[in-house]
Amino acid sequence: MPGLGDATRGRLLFGGDYNPEQWPEETWHEDVRLMKAARVNSVTLGAFSWSKLEPEPGAREFGWLDTLMDLMHEHGVGVVLATPTSSPPPWLGRLHPDTLPVTEDGRTEWWGGRQHFSHSSPTYRRFAAAITEDLAARYGGHPALTMWHINNEYCTVDHGDQAAAAFRRWLRARYGTLDALDEAWGTAFWGQGYDTWDGILPPRLPHYLRNPAQVLDFRRFTSDMLLECYTAERDIVRRHSPHVPVTTNFMPLWSGVDAWRWAEEEDVVSVDLYPDPRDPLGAQHGALVQDMTRSQARGPWMLMEQAAGPVNWRGVNHPKPRGLNRLWSLQAVARGADAVCYFQWRQSRQGAEKFHSGMVSHAGEEGRTFQEVKRLGADLERIAPAVTGRPVPARVAVLHDWHAWWAGDQDGRPSRRVNHPEVLSAWHRALWQAHLTADFAHPEHDLTPYALVAVPQLYALTDAAVGNLLAFVGQGGTLVCGFLTGVADQDDRVRPGGMDARLRELFGIRTLHEWWPLEAGETVDCEGFRGTLWSEELEGDGTADATVPYRGGELDGLPAVLRKGRAWYVSTLPEPGPLRDLLASVARDAGVRPVLDGLPEQVEAVRRGELLFVLNHGREPVTVDVPGTHHDLLTGTDVTGRVTLGRYGAAVLRP
Ligand code: GAL
């Protein structure tokens, strides 16, 4: 299978989505001049070009794309060619309304925006396959082609009749009999037993709470249907160009698709990442998404999209202050990216995203945005030979699973305030602030490469996953587990006792009496720290080696944290500082060291291959102790003992 290396060939890919069909041909020539100036070596073409390529059913207009593919090749810019299937032409919906998705309350999503396709519609799939086939036949051997990009940010949900039929087929394949389905869905509750497969629907708008197992399966189904759309197009392009890697761009921590499963079907894992420049935790959000994407890729990955300046889809859209674009781009490279790309090359003058930045903003060549892009292009070229293809070592893994998220994130729970990505992010932030580099892993993955495994929260765990955690601890690994973990099985059936019995034994818990969720702003005192969001009335079984008790209130004296051997259970969400300190100390006991000791708070350090990236997320200059002598690849100078970084400054140090 080809990989990202086949596209990068020792370079870091640098460029972005290019939508030349929005511009007259003179601008294309201006574009290549500016691309060269900025050392852009990669563009994504065609992501939204379906109506341009097929202006009426069955027509093919490839001339403009021929010209652009040749132009890019002539100027040494590789093309990531997208299949245009995320935005069908208006005629498809008009002539074939069965291609349009339907919401849970029966509304049709019409053309006029984008992503108005039903993943389950055979008609949509037929037209998508046909245009993909012709695109692949025409350009599969083109010398500019470096990668295939299938669709764009798969995310549609469909509750319509096409989806209902496909959902029934999917359920039949999963359960075989209605009895097995009734059992898995617990339809004895509220008398929901089915007499025929035809009676089963997507979870359309009900009067009151939905069946949670039905919702869980519908989410699985939706992810699988979208994946079928992806693999169908992937297989077509592969047939025409087996040596060209294939990707589709994920949205970060997007609940709609099981990215672990999807990543297995990709040659290159790519992601779109848009932290808010005003968010004090923007860099941490970036680090989380980068760690997650690297883990899905099991190696180098592609930053498919980021913004050179403001986006246009927040309530208030802030530009990136001087230096931040470069810093966050280098952060992505530090955390394993071999491609740094943007949405989009040239800022649009029309359409819904005309106020979304581009690498070339409305201010043009002289604008600060482009000038900074140019500088970044030069920086990336400088560090590329030492960095591409290199691994990011991590001895900590954070576990995450979409199915646990889908099962846990539903109505009718003890607390609506518990939000899976927020808990995940709080734990990752604690590790990030402790300067511990973490991978992410699925609970059934091989955990043996890690010394420490952190489970912020996995509400539902399969038997295999529980077995995997036990085996990990049995083999000498350290496990630290957050609240509301191991509550349900794969069908969202609550485990006897409210928590898996093997996990209770692992942590030294005899009885989980009650959950005590906390209101917004409410905290619970524990010895040495305060907990937020959640607390638990636990009774130990006397086998724990150490406990930290709750203090005061209803839970006074009961264990808030238990440690039994190398297994830790944390029954609340400690405030950020204490959570950081707790995980840092658990890591220390597990023999895991921070990347550098004594780092100031605003500085991030990451190792990649033999390189050490030091990144200043603060606006004030900072001096960092770095033992030994290093060569800074960005400045070309040697540094001994310490390095000084300016506002949003970075150093890429080689020993
Ligand atoms: C991405 C999308 C791009 C563009 C961008 C704007 O989600 O793939 O096409 O819309 O957002 O931030």
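Start at 1 and go down the list; that is how both ligands and their atoms are numbered. Side-chain atoms are counted along with the backbone in the values below, which use heavy atoms only and exclude waters and symmetry mates. Positions are given from 1, in the same order as the sequence printed here.
- Residues Lys52 and Glu61 come closest through the heavy atom pair O-CB, 3.4 Å.
- Shown here for His119 and Phe221, the closest heavy-atom pair between the two residues is CE1-CE2, 4.0 Å.
- Annotation for ligand 1: atoms under 4.0 Å from non-hydrogen atoms of Phe48 are 9 (O).
- For the pair Gly358 and Ala308, the tightest heavy-atom approach, listed with the atom from each and the gap, is O-CB, 3.7 Å.
- The shortest N or O to N or O distance between Asn312 and ligand 1 is not under 3.5 Å.
- In the vicinity of Asn152, heavy-atom distances shorter than 4.0 Å reach the ligand 1 atoms 2 (C), 8 (O), 9 (O).
- Taking atom 10 (O) of ligand 1 as the reference point, the nearest protein heavy-atom neighbour is Glu353 OE2, 2.4 Å.
- In Gln344, neither the side chain nor the backbone holds a heavy atom less than 4.0 Å from any atom of ligand 1.
- Looking at Arg314 against ligand 1, nothing comes within 4.0 Å, counting heavy atoms.
- At a cut-off of 3.5 Å, with distance as the only test, no side-chain donor of Ser361 or Gln347 sits close to an acceptor on the other residue.
- The contact set between ligand 1 and Trp313, taken as ligand atoms under 4.0 Å from a residue heavy atom, comprises 6 (C), 12 (O).
- For the residue pair Asp70 / His142, a side-chain donor-acceptor distance below 3.5 Å is found, with atom types taken as modelled.
- By the criterion of a heavy-atom distance under 4.0 Å, neither the backbone nor the side chain of Met251 is placed next to ligand 1.
- Closest protein heavy atom to atom 6 (C) of ligand 1: His356 NE2, 3.1 Å.
- A 6.0 Å sphere centred on CZ of Arg33 holds more than 12 heavy atoms belonging to other residues, nucleotides or ligands.
- Checked by atom type, the side-chain pair Thr85/Asn151 shows a donor-acceptor distance below 3.5 Å.
- For atom 2 (C) of ligand 1, the closest non-hydrogen atom of the protein is Glu305 OE1, 3.3 Å.
- Residues Phe117 and Trp50 keep their aromatic ring centres 6.0 Å or farther apart.
- Between the side chains of Asp409 and Asn419, not a single donor N or O lies within less than 3.5 Å of an accepting N or O.
- Considering backbone and side-chain N/O atoms, Glu153 comes within less than 3.5 Å of an N/O atom of ligand 1.
- Close contacts between ligand 1 and Asp272 involve ligand atoms 8 (O) [criterion: under 4.0 Å to a heavy atom].
- Of the protein's heavy atoms, Arg114 NH1, 2.9 Å lies nearest to atom 9 (O) of ligand 1.
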